[in-house]
Structure formats: structure tokens, C-alpha cells
Amino acid sequence: MRPSQALSLLALLVILASSSASDLQDTCKRFGGADIYDICIEFFEANKDSAAADKRGLAIIATGIASATAVDTRKRIATLKAEEKDEKIQQVIAYCDNMYSGAVGLFDKAAKGISSGELGDAVISLSSALDIPQYCDDEFVKAGMKSPFDAENFKFGVQCAIALDVTKLLTL
């Protein structure tokens, strides 16, 4: 490769990298203040492809990150369910497990909607997923106890909100 070709290739890579980084930064800036921007950037740092993704790619990545959290939460749920002896609490844990299991399907549907341009379907799926932590918490409250999944539910809720908001930006 000639030096002029190498320089041109390097210039193109710098332009592509800066525009992609700009997509990530621009997307996160759309959410508001510095704290939210930092949360958004930190969220996307979980996937190395985020830095080079366009806005549609960021929406798909966001659904993947949240889906992985749903899977991890189900593992924690399974552990607690195996340890729990109270049948009433086991029923609540099973309810939460069912909800998080459904979340994985919702994220698959959302990612397909984003990829195909069916953004309305994606928004509906992500909105449904966003409700799951509250539903899980509410069942524990009805059982008269605090949810043992507060941390997981909070993290998942934030991730769902980011995935939903990034997807909504595609509709503007």
C-alpha cells in the first residue's frame, strides 16, 4: 500500500470513528443532564461495539444489554427459588421468573422491529419490558415483604428505559 493510500485509509477511519462516537455521544446527550449522560455512556460501555454503532445499532445493542440482564436476573431468581422454603414466597418468585422470562422474548421482538424498521412494534415491546420490575416488586408487596430483587429490578428498569428512549429517538 502506498503512503498516500495509507493516509487516505487512516483519514477515513478517523472520520468514521469520530462520527460513530458522535452518534453515541449525541444519543446520550439527548437524555438530559450530565448524570443521565454518564449513566447512558456507562450503559453502552458494556458493549464494545457501541462506540462504532449508528443510532439504530445503539438501539439494538441496548436491547441486547437489557436482555442479558434479564437472563442474569433469572439466574438469581432460580438461586433464591431453590433456597426458599415458604410456598407463598416461592409463588411470588415464580411470578417474577415468568415475567423476566417473557422479557427475553420482548427484547427479541424489539430487536427484530428495530432491524426491520417496525419501530412501533419495538416501542410496544420495550414499554412492556419496562413494566416488569414494577410488577415483580408489586407482587412482593402484596405478599407483605420487600423484594429481594430490588437491585436487579432497578438496574433492569434503567436499562429498559435507555433501550426504549434510544429506540424512540429513531422515530423522530
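Because the structure is predicted, anything quoted here is derived from the model rather than measured. This chain uses plain numbering: 1 for the first residue, then up along the sequence.
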Asks: Determine whether S125 and K109 make a side-chain contact, defined as any pair of heavy atoms from C-beta on separated by less than 4.5 Å.
Replies: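 A side-chain contact exists here, since the closest heavy-atom pair is under 4.5 Å.
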Asks: To the nearest 0.5 angstrom, please state how far the OG1 atom of T73 sits from the CE atom of M99.
Replies: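 T73 OG1 to M99 CE: 13.0 Å, rounded to 0.5 Å.
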Asks: State, to 0.1 Å, how close L58 and V166 come at their nearest heavy-atom pair, and which atoms those are.
Replies: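 Here L58 and V166 meet closest at C-CG1, 4.0 Å.
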Asks: Please tell me if the side chains of D138 and Q134 come closer than 4.5 Å, counting only heavy atoms from C-beta onward.
Replies: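 A side-chain contact exists here, since the closest heavy-atom pair is under 4.5 Å.
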Asks: Rounded at 0.5 Å granularity, tell me how far CD in Q25 sits from OG1 in T27.
Replies: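 Going from the CD atom of Q25 to the OG1 atom of T27 covers 10.0 Å.
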Asks: Answer yes or no: is there a side-chain heavy-atom contact under 4.5 Å between C28 and F43?
Replies: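 Answer no - side chains too far apart.
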Asks: Which atom names give the shortest non-hydrogen contact between F149 and R76, and what distance separates them?
Replies: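 Shortest heavy-atom separation between F149 and R76 comes out as CE2-CG, 3.9 Å.
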Asks: Which pair of heavy atoms, one from A59 and one from L170, lies closest together, and at what distance?
Replies: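 Taking every non-hydrogen atom into account, CB-CD1, 3.8 Å.
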Asks: Between A70 and A103, what is the shortest heavy-atom contact and its length?
Replies: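 Closest heavy-atom pair between A70 and A103: CB-CB, 4.2 Å.
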Asks: What's the separation between atom NZ in K112 and atom CZ in F107, rounded to the nearest 0.5 Å?
Replies: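 Here the rounded value is 14.5 Å.
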Asks: Mind checking the CZ-OG1 spacing from R74 to T69? Nearest 0.5 Å is all I need.
Replies: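 So the gap between those two atoms works out to 14.0 Å.
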Asks: Would you check, one step at a time, whether the test side-chain contact (heavy atoms from CB on, under 4.5 Å) holds for E84 with V92?
Replies: CA-CA 11 Å; E84 184 58 52; V92 176; over 6 Å; no
Asks: Going through the distances and angles, do L106 and L126 end up as a side-chain contact (heavy atoms from CB on, under 4.5 Å)?
Replies: CA-CA 7 Å; L106 290 170; L126 294 170; over 6 Å; no
Asks: With a 4.5 Å cut-off on side-chain heavy atoms, are K155 and D72 touching?
Replies: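 Sidechains of K155 and D72: no contact.
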Asks: If you count every heavy atom of other residues, nucleotides or ligands that lies below 6.0 Å from K55 atom NZ, does the total exceed 12?
Replies: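 Yes, NZ of K55 has more than 12 neighbouring heavy atoms, counting only those of other groups under 6.0 Å.
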Asks: Output the distance between atom SG (C40) and atom CD1 (I162), rounded to the nearest 0.5 Å.
Replies: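 Between atom SG of C40 and atom CD1 of I162 there are 5.5 Å.
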Asks: Locate the shortest heavy-atom distance separating F156 from A129; write the atom from each residue and the value.
Replies: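 Of all heavy-atom pairs spanning F156 and A129, the closest is CE2-O, 3.5 Å.
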Asks: Hey, are K142 and E139 close enough for a salt bridge, meaning a charged N less than 4.0 Å from a carboxylate O?
Replies: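 Salt bridge: yes.
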